[in-house]
Amino acid sequence: MPQKFYVKHYYEYYTGKKLDYNNPIEFNQKLSWYKVFYRNPLLPKLVDKYAVREFVEEKIGKQYLNDCIGVYNSPKKLTGTNYQKNL
C-alpha cells in the first residue's frame, strides 16, 4: 500500500477529519505531511543507534558517547552470559 494513501486513511480514520496534503493546518496534519514527503538523507543514520555514534563523535566529540557493549545483528546472538560479563 502506498505510504501517501495509508497515512491519509489512517489519519482520517482516527481523527474523523479530512487530511489535505496541500494545506496542512493542525499539528497532526503537519506530522502526517512529514511522514510522506520529508526525505532528509541524514535521518536513516540518525535513527540507527550504532551509526549515529560516528555522527556524534564527528560533530561534538567522543566524550559524549557511552560505552558500546556490543553490536548484534540478531537477538539470538545476545545471550545472558555475554551481556552479564560486560556489565
Side-chain angles (χ1 to χ4, degrees):
M1 179 178 310
Q3 188 175 17
K4 185 175 181 181
F5 176 82
Y6 176 78
V7 170
K8 182 172 184 162
H9 281 63
Y10 183 89
Y11 176 84
E12 291 175 358
Y13 178 80
Y14 283 102
T15 64
K17 301 175 185 177
K18 293 289 183 185
L19 175 61
D20 181 11
Y21 285 126
N22 296 323
N23 188 23
I25 298 187
E26 296 177 359
F27 180 71
N28 286 329
Q29 292 174 338
K30 293 179 182 188
L31 286 178
S32 296
W33 183 92
Y34 267 91
K35 289 177 190 177
V36 175
F37 297 107
Y38 185 69
R39 297 289 181 251
N40 185 331
L42 183 59
L43 291 179
K45 186 174 186 175
L46 296 178
V47 298
D48 184 331
K49 291 179 183 179
Y50 184 71
V52 76
R53 295 177 65 82
E54 180 183 311
F55 178 79
V56 171
E57 185 176 342
E58 182 182 298
K59 293 294 180 182
I60 61 174
K62 192 173 185 172
Q63 68 271 20
Y64 294 99
L65 294 172
N66 57 352
D67 295 333
C68 183
I69 295 174
V71 179
Y72 302 95
N73 293 328
S74 169
K76 292 177 183 177
K77 294 181 181 179
L78 180 62
T79 63
T81 57
N82 290 349
Y83 185 70
Q84 291 298 329
K85 71 180 179 183
N86 289 317
L87 290 179

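Small disclaimer: the values here were computed from a predicted structure and weren't measured.
For the pair M1/V7, no side-chain contact is recorded, criterion being any heavy-atom separation below 4.5 Å from C-beta on. In this structure, the side chains of V47 and L43 stay at 4.5 Å or more apart for every pair of heavy atoms.
Here the straight-line distance linking atom CD1 of I25 with atom CH2 of W33 works out to 15.0 Å at 0.5 Å rounding. Put simply, NZ on K30 and CG on L19 are 12.5 Å apart, with the number rounded to the nearest 0.5 Å. Here OH of Y34 is found 10.0 Å from CG of N40. Values are rounded to the nearest 0.5 Å. Of the inter-residue distances, the one linking C68 atom SG with Y50 atom OH reads 6.0 Å to the nearest 0.5 angstrom.
Judged by distance alone, the side chain of Y21 and the main-chain N or O of K4 form a donor-acceptor pair under 3.5 Å. Side-chain N or O atoms of R53 include none that pairs as donor or acceptor with a backbone N or O of K62 at under 3.5 Å. Counting only distance, with no hydrogens or angles, the side chain of Q29 and the backbone of D20 share no donor-acceptor pair below 3.5 Å.
Under the 4.5 Å side-chain contact rule for hydrophobic residues, V56 and L42 share a cluster. Put simply, L46 and Y64 are part of the same group of oily side chains (I, L, V, M, F, W, Y) that touch within less than 4.5 Å, one to the next. Residue I60 is grouped with residue F55 when hydrophobic side chains (ILVMFWY) are merged at heavy-atom distances under 4.5 angstrom, including chains of intermediate members.
No more than 12 heavy atoms of other residues, nucleotides or ligands sit less than 6.0 Å from atom NZ of K17. Environment of CD in E54: sparse, with no more than 12 heavy atoms of neighbouring residues, nucleotides or ligands closer than 6.0 Å. Surrounding OH of Y6 are at most 12 heavy atoms belonging to other residues, nucleotides or ligands under 6.0 Å away.
Scanning both residues, V36 and R39, for their nearest heavy atoms gives O-NH2, 3.3 Å. Of all heavy-atom pairs between Y11 and E26, the closest is OH-OE1, 3.6 Å.
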- request: Check the pair F5, H9 against ring pair (Phe, Tyr, Trp, His ring centres under 6.0 Å), reporting the backbone distance first and the verdict last.
  value: CA-CA 6 Å; F5 176 82; H9 281 63; 4.0 Å; yes
